[in-house]
Amino acid sequence: MSESHPRPRAALFVTCLVDLFRPGIGFAALSLLERAGFETVVPRRQTCCGQPAYNSGDSETARRIARDVIVAFADADVVVAPSGSCTGMLRLHYPRLFAGDPEWEERAREFAGRCRELTEVLAEHAEAIDAPPCAADAAYHDSCSSLREVGVKAEPRRLLARVPGLRLHELDEPEACCGFGGAFCVKFPEISAHMADVKIGDARGTGASLLIGNDLGCLLHLEGRMRHRGLDIRARHIAEVLTRQPERRRDE
Amino acid sequence: MRPTSRSFKANARGALLDPGLQKALARAKDGFIGRRRDAVAALPEFESLRATARDIKQHTLEHLDTYLLRFEAAVQAAGGQVHWARDAGEANRIVVDICRRAGAEHIIKGKSMVGEEIAVNPALEREGFDVVETDLGEYIIQLAKEPPSHIIAPAVHKSRSDVAALFSEHHGAGSESASSDEPEVLLNEARRVLRDRFMAGDAGITGANFLVAETGSIVLVTNEGNGDLSSTLPRTHIVLAGIEKVVPTLEDATTILRVLARSATGQTLTSYTTFVTGARRAADPDGPQAFHVVLVDGGRSDMLAGEFRDMLRCIRCGACLNHCPVYGAVGGHAYGWVYPGPMGSVLTPLMVGLGEAQALPNASSLCGRCESVCPMMIPLPRMLRALRERANREHHVSWIQRSALRAWGAIAHRPALYRVFASAGARAIAALGRRGGRLPGSGPWTDYRALPRPEGRTFMAEARTRLGNRLR
């Protein structure tokens with residue numbers, strides 16, 4: 001499969017939310033990976049990482065989807081997802097899902113070894129990311145899986161430090177969950193909204209007009225909550241911020 | 001107590017609408033998180049201590065029978081007695097029996113979560129004993145006839161004016177609480193009232209933070225010294241402890257003590273850390289004439305035998321509660337039983353049944369902060385997921401929900417079919433979003449958040465035209 005190309009091949013794991021809601025993040029991720037020196041491909045047989053089933057206690061369905069993903073990305077040097085939570089699923093939970101399976105445990109481990117979160121990869125090539133200016137006060141929202149499953153914290157900050165004009169502020173409680181949590185946000189909407197409000201309060205306290213993150217789930221939830229409350233803070237994925245000047249909110 | 005975990009959602013809704021509770025929760029959370037953070041930062045070896053503490057407990061659990069029998073022998077050698085209780089009923093019968101044979105009338109209690117678990121107070125009261133809690137927080141909620149809302153700060157949901165109102169109602173004419181809710185006034189009044197109760201106590205019941213197998217000692221960790229008075233003043237001292245509380249040696253207990261208070265309250269050590277070994281000896285100036293330890297199983301053997309063994313490492317520090325955003329939003333009572341927060345969401349289904357408590361393991365965003373602060377490194381999110389799995393398997397989850405997931409899985413397994421659904425979905429949501437409409441069944445999202453605004457086409461549809469052979 002491999003051509004006589006010197007560049008390592010990065011396969012984009014699009015994530016179902018990017019596919020459905022913000023394709024622009026996927027194309028931004030591809031362009032950033034190209035700038036970082038990768039040959040990029042998008043395996044067409046991907047759909048979702050399986051978290052909805054896995055986190056609902058249906059491991060059988062999750063395993064079925066996991067096997068599809070592992071096969072679809074078999075020939076990639078590195079699998080890159082613009083999401084901490086999907087990366088955590090691919091890298092940490094796939095091997096757990098197949099624990100004790102004579103064939104798939106090893107395949108899941110090998111696959112997990114090739115999976116990386118977008119900012120993790122980009123931070124190693126930060127000097128090649130020529131980000132457009134963005135004159136704004138911004139706060140960064142760490143997703144729980146980025147922090148605690150993938151171990152990404154400094155990377156996005158290192159990348160954002162290179163965005164001309166961007167003033168990045170730290171939240172008081174960057175470790176606190178925003179309340180998205182996949183199905184949690186619709187199973188327990190009141191609690192989820194309360195958690196969002198705590199996070200939004202923290203962000204407002206920094207004076208930020210822009211909330212940047214690397215997990216679209218958190219961002220859709222937080223942005224939806226902010227729009228619901230009529231607050232004027234935009235939520236943007238870091239890949240969007242690194243590739244284009246933020247447009248005005250579409251309802252403005 | 002009768003669990004109300006089944007109505008977690010309604011409980012939580014009520015809690016979110018209770019401004020007094022919300023204030024108390026916000027205040028408590030900031031204090032606990034900050035103090036733990038400082039304590040951990042001041043101890044460079046904290047992380048390696050966590051690993052050591054975990055290993056000690058894990059080793060003990062792997063040889064639990066050995067260490068429990070060793071503990072029993074050591075207690076007997078120190079002049080005490082060990083009683084084995086399979087469940088709450090057995091434990092309460094043992095306690096009632098000991099109290100009756102001791103001719104006790106007034107019983108004073110130190111704080112014990114196992115005591116809450118087996119509901120020992122009502123069991124004793126039914127038999128005519130007079131029971132008073134002596135931990136200030138427990139005393140307050142006893143007056144209020146409420147269960148604890150936090151495992152180390154049982155009255156954390158009460159404001160000082162709540163406490164003043166309770167005191168002036170219960171403390172009679174001499175109460176100053178009617179005119180002041182100053183903490184010092186309240187504290188002095190509780191101290192004065194409780195002093196008489198301490199002196200009148202015939203039997204004292206305490207919990208135990210550790211049971212030490214090599215010496216037969218029990219370790220009591222408190223900040224008020226009430227546990228010490230409860231264990232030394234009465235003629236009879238009864239210790240209630242879960243079977244998982246044992247550790248092999250004094251050295252092991254002191255190692256875990258180093259992570260316990262730091263994780264719980266951010267203290268280096270609590271004000272009182274007391275080692276009690278057996279009954280009073282001839283040369284002792286004080287202490288009880290009889291020393292009993294009631295070891296409670298209450299579902300722990302089943303946990304030991306299965307996939308939830310790690311949960312038995314829990315030392316009840318409360319760090320997972322303090323750092324849990326769900327606990328921080330709804331408080332302890334919403335969980336509907338004795339143990340709230342992440343540890344409670346694992347323990348409650350295992351102790352009272354998944355049928356009752358199925359909501360609890362689901363009421364988590366699986367954010368993982370609990371595991372990251374747990375001094376015993378218990379993989380709490382993994383256990384919550386395992387309980388979801390069990391609920392699915394044992395059909396505590398509705399048929400509709402299970403079928404919907406399987407149907408979604410079948411579609412996600414067929415990329416071409418999935419594309420059809422995804423494209424239609426993106427277009428529909430985009431159209432609705434433009435019109436400000438709603439999707440049927442979207443209330444749980446749209447009642448609290450604006451609908452997301454898809455760009456209109458899916459990534460994959462767009463990729464077909466834009467990526468050429470890079471889409472493969």
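Chain identifiers are assigned alphabetically (A, B, ...) following the order of the sequence lines, protein sequences preceding nucleic acid strands; residue numbering begins at 1 within each chain. Values below: all heavy atoms of this structure, side chains included; hydrogens, waters and symmetry mates excluded.
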Where on [X] is there a heavy atom nearer than 4.5 Å to chain A: the side chain, the backbone, both, or neither?
| X | answer |
| --- | --- |
| B:R427 | neither |
| B:Q22 | side chain |
| B:A26 | neither |
| B:Y418 | side chain |
| B:S442 | neither |
| B:L366 | side chain |
| B:I33 | side chain |

With no hydrogens and no angle check, do the side chains of B:R470 and A:T40 hold a donor and an acceptor under 3.5 Å apart?
->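 Looking only at side-chain atoms, A:T40 and B:R470 do form a donor-acceptor pair, the distance falling under 3.5 Å.
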
How many angstroms lie between [atom1] in [X] and [atom2] in [Y], if you round to the nearest 0.5 Å?
| X | Y | atom1 | atom2 | answer |
| --- | --- | --- | --- | --- |
| A:Q46 | B:M460 | CD | CE | 4.0 Å |
| A:R44 | B:L467 | CZ | CG | 10.0 Å |
| B:R369 | A:C177 | CZ | SG | 10.0 Å |
| B:T446 | A:H228 | OG1 | NE2 | 9.0 Å |
| A:R22 | B:F459 | CZ | CZ | 15.0 Å |
| B:C367 | A:E149 | SG | CD | 10.5 Å |

Please determine, among [options], the option with the most heavy-atom pairs under 4.5 Å with chain A.
| options | result |
| --- | --- |
| B:N392, B:L471, B:I429 | B:L471 |
| B:A422, B:A450, B:G409 | B:A450 |
| B:L384, B:N469, B:L16, B:V330 | B:L16 |
| B:A426, B:A463, B:S423, B:P452 | B:P452 |
| B:R382, B:R393, B:E389 | B:E389 |
| B:K9, B:H413, B:R406, B:R390 | B:H413 |

So which atom in [X] and which in [Y] form the shortest heavy-atom distance, rounded to 0.1 Å?
| X | Y | value |
| --- | --- | --- |
| B:R419 | A:R45 | NH2-C, 4.5 Å |
| B:R457 | A:P23 | O-CG, 3.1 Å |
| B:E455 | A:G24 | OE1-N, 3.2 Å |
| B:A412 | A:I65 | CB-CD1, 3.8 Å |

Side chain, backbone, both or neither: which part of [X] has a heavy atom under 4.5 Å from chain B?
| X | value |
| --- | --- |
| A:R96 | side chain |
| A:V69 | neither |
| A:L222 | neither |
| A:H221 | both |
| A:C16 | both |

With the threshold set at 4.0 Å, does a side-chain nitrogen-carboxylate oxygen contact exist between B:R453 and A:E223?
->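 Result for this pair is no, no salt bridge flagged.
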
Output yes when A:E60 and B:R402 qualify as a salt bridge under the 4.0 Å nitrogen-oxygen rule, no when they do not.
->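 Salt bridge absent between A:E60 and B:R402.
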
Begin from the C-alpha positions of A:N55 and B:R385 and carry the test side chain to side chain donor-acceptor pair (under 3.5 Å) through to its verdict.
-> CA-CA 6 Å; A:N55 290 334; B:R385 239 188 233 106; 2.7 Å; yes

Do any N or O atoms from the side chain of A:D19 and from the backbone of B:T458 form a donor-acceptor pair under 3.5 angstrom?
->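 Side chain of A:D19 to backbone of B:T458: no pair is present.
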
Of all of [options], which one pairs up most often with chain B through heavy atoms under 4.5 Å apart?
| options | result |
| --- | --- |
| A:F184, A:F27, A:F180 | A:F27 |
| A:A176, A:P52, A:G181, A:C48 | A:P52 |
| A:L220, A:V14, A:T61 | A:V14 |
| A:A72, A:G182, A:G26 | A:G26 |

Close approach to chain B in residues 187-194 of chain A, criterion heavy atom under 4.5 Å = A:K187, A:F188, A:P189, A:E190, A:I191, A:S192, A:A193, A:H194

What are the residues of residues 140-148 of chain A, in order of number, with any heavy atom under 4.5 angstrom from a heavy atom of chain B?
-> A:C144, A:R148

With a 4.5 Å heavy-atom cut-off, do A:P43 and B:R472 have their side chains touching?
->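 No. Closest side-chain heavy atoms not under 4.5 Å.
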
Evaluate the side-chain proximity of A:M195 to B:V326: yes if any heavy-atom separation is below 4.5 Å, no if none is.
-> yes

In this structure, are over 12 heavy atoms from other groups packed under 6.0 Å from B:F421 atom CZ?
->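 No, because the 6.0 Å sphere around CZ of B:F421 holds 12 heavy atoms or fewer from other groups.
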
Above 12 or not: heavy atoms from other molecules or residues under 6.0 Å from CG of B:L17?
-> yes

